[in-house]
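Naming convention: chains lettered A, B, ... in sequence-line order (proteins, then strands); numbering from 1 in each chain.
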Number of protein chains: 2
Amino acid sequence: MAETVRWLTPEEQRAWRGFVRLHERLGGRLGRLLQSESKVSPADFAVLVHLTDSPHGRQRYQDLARSLEWEKSRMSHHIARMAGRGMVVREECPDDGRGAFVVITDAGREAIEAAAPRHVEAVRDLFLDHVTPAELRVLTEISERVIRRMDEDPS
Amino acid sequence: MAETVRWLTPEEQRAWRGFVRLHERLGGRLGRLLQSESKVSPADFAVLVHLTDSPHGRQRYQDLARSLEWEKSRMSHHIARMAGRGMVVREECPDDGRGAFVVITDAGREAIEAAAPRHVEAVRDLFLDHVTPAELRVLTEISERVIRRMDEDPS
DNA sequence: TAGACACGGTTGATACATCACCCAATGGGA
DNA sequence: TCCCATTGGGTGATGTATCAACCGTGTCTA
């Protein structure tokens, strides 16, 4: 079995390593920047973005988890910590006795509004400004195609 | 200041989110696969790959940290855990009283040789097989260009 | 040759992710 | 109507990442 492995060609190897490293570095910098300048971690940021995108700044735990592709356990722990820092609150759901909402607070809105401009600027400085529109289209297409494949085949 | 932010255009937004999500999903799957089938975490895997690439399967902590872009602290903690599991050993450095080597063990070699084929196969199945050679070249170029920029400007 | 400073690595505290379970509410059949 | 599988969420243990502070060793220079 091990003898039939199709190892990566040099170009494939280079592409794959480059891709992995790109994300590592980019993610690292953006994360550090967010955290150092605004007391909002990348995870916090993602949660807050989704909440501000939702009506009344509220979402069910599960829906949030699905759109962030987090496990419910992670969501639960993380929201608890964020609630502890006053950025969100947990709210019971009257319709469904089991369910719960997570709702953004004023402090949460302030936090993300403070963090967003620097974040967007950094995404530009570090990434978008160095990619041509044509390349960007290729990247978008690759990403969406591969993600679609993974959706179809939950392995 | 907040008024002068160049927010992302819809295409940029789509590209950026796609890129971020692509890595999240791909990384998640590959990591889970690695861990579930071989008792080697993605971090372990990276360390072992670098060690097998080095003469005598040994490298200085710092060198390893630099090429993986880890902090020395992370390296220290992680190697300690890997040593606990018998995949590597720590070795004093005679030339430099401060320094130390990390050396792969036979068990470490077995572990990575067991894990690599499945990993490569998954990288293909999930990613490379869905990207054309031309797209792959674009991706490589983007990655290397952006990484180069970050090297030049350590912000 | 004595400081002073840089380097290589370690440690402990804290935050975070994941896993394996748990629990209660729900909703569909038999 | 009862039963039971499913769903929405929570919990605690464990492994991992990050930060800051630390320590001994090496190196440079006054």
Student: Measure CE/A:M82 against P/C:dA17 and give the value in whole Å, please.
Tutor: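 My rounded result for the distance is 11 Å.
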Student: Using whole Å, report how far NE2 of A:H78 lies from P of D:dA17.
Tutor: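 Answer to the nearest Å: 17 Å.
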Student: How close or far is atom C1' of C:dA25 from atom CD of A:E92, stated in whole angstroms?
Tutor: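 Rounded to whole Å, this separation is 12 Å.
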Student: Could you tell me the separation between the CG atom of A:L64 and the P atom of D:dG8, rounded to a whole number of Å?
Tutor: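 Nearest whole value for this atom pair: 14 Å.
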Student: To the nearest 10 degrees, how far apart in direction are the end axes of the helix from C:dT1-D:dA30 to C:dA30-D:dT1, each fit to five base pairs?
Tutor: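 End-to-end axis angle: 10°.
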Student: Whole Å only: how far is the CG atom of A:D95 from the C1' atom of C:dA24?
Tutor: 17 Å
Student: Taking atom types as modelled, is there a side-chain donor on B:D125 or B:H130 under 3.5 Å from an acceptor on the other?
Tutor: no
Student: Where is the tightest heavy-atom contact between B:A111 and B:M87, given as atom of each residue plus distance?
Tutor: CB-CE, 3.2 Å
Student: Salt bridge or not for A:R81 and A:D44, using N-O below 4.0 Å?
Tutor: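 Salt bridge between A:R81 and A:D44, a charged N being under 4.0 Å from a carboxylate O: no.
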Student: For B:H23 and A:H23, take the angle between the two ring planes, folded into 0 to 90°, and tell me which bin it lands in: parallel under 30, tilted 30 to 60, perpendicular over 60.
Tutor: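 If you compare the ring of B:H23 with that of A:H23, the planes turn out parallel.
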Student: Closer than 4.0 angstrom, basic N to acidic O: yes or no for B:R14 and A:E144?
Tutor: yes
Student: Report the distance from atom CZ of B:R85 to atom C1' of D:dT16, rounded to the nearest whole Å.
Tutor: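 The distance from CZ of B:R85 to C1' of D:dT16 comes to 10 Å, rounded to the nearest Å.
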Student: Begin from the C-alpha positions of A:F127 and B:F19 and carry the test ring pair (Phe, Tyr, Trp, His ring centres under 6.0 Å) through to its verdict.
Tutor: CA-CA 11 Å; A:F127 185 63; B:F19 175 70; 5.3 Å; yes
Student: Taking only side-chain nitrogens and oxygens of A:R81, does any of them come within less than 4.0 Å of OP1 or OP2 of C:dA15?
Tutor: no
Student: With a 4.0 Å cut-off on N to O distance, would you call A:E141 and A:R145 a salt bridge?
Tutor: yes
Student: Quick one about A:D63 and A:H50 (side-chain donor to acceptor, distance below 3.5 Å, no hydrogens or angles considered), yes or no?
Tutor: no
Student: Can you sort out which residues in residues 41-57 of chain A have a heavy atom within less than 4.0 Å of DNA chain C? Ascending by number, please.
Tutor: none
Student: How many whole angstroms separate atom CH2 of A:W70 from atom P of D:dG9?
Tutor: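 Those two atoms, CH2 and P, are 15 Å apart.
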Student: Tell me, for nucleotides 2-11 of chain C in 5' to 3' order, what letter each nucleotide earns: B for a base near a protein heavy atom under 4.0 Å, S for only sugar-phosphate near one, - for neither?
Tutor: -----BBBBB
Student: Are A:R90 and A:E92 within salt-bridge range, i.e. N to O under 4.0 Å?
Tutor: yes
Student: Charged N to carboxylate O under 4.0 angstrom, A:E121 versus B:R6?
Tutor: no
Student: With a 4.0 Å cut-off on N to O distance, would you call A:E11 and B:R137 a salt bridge?
Tutor: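 No salt bridge links A:E11 with B:R137.
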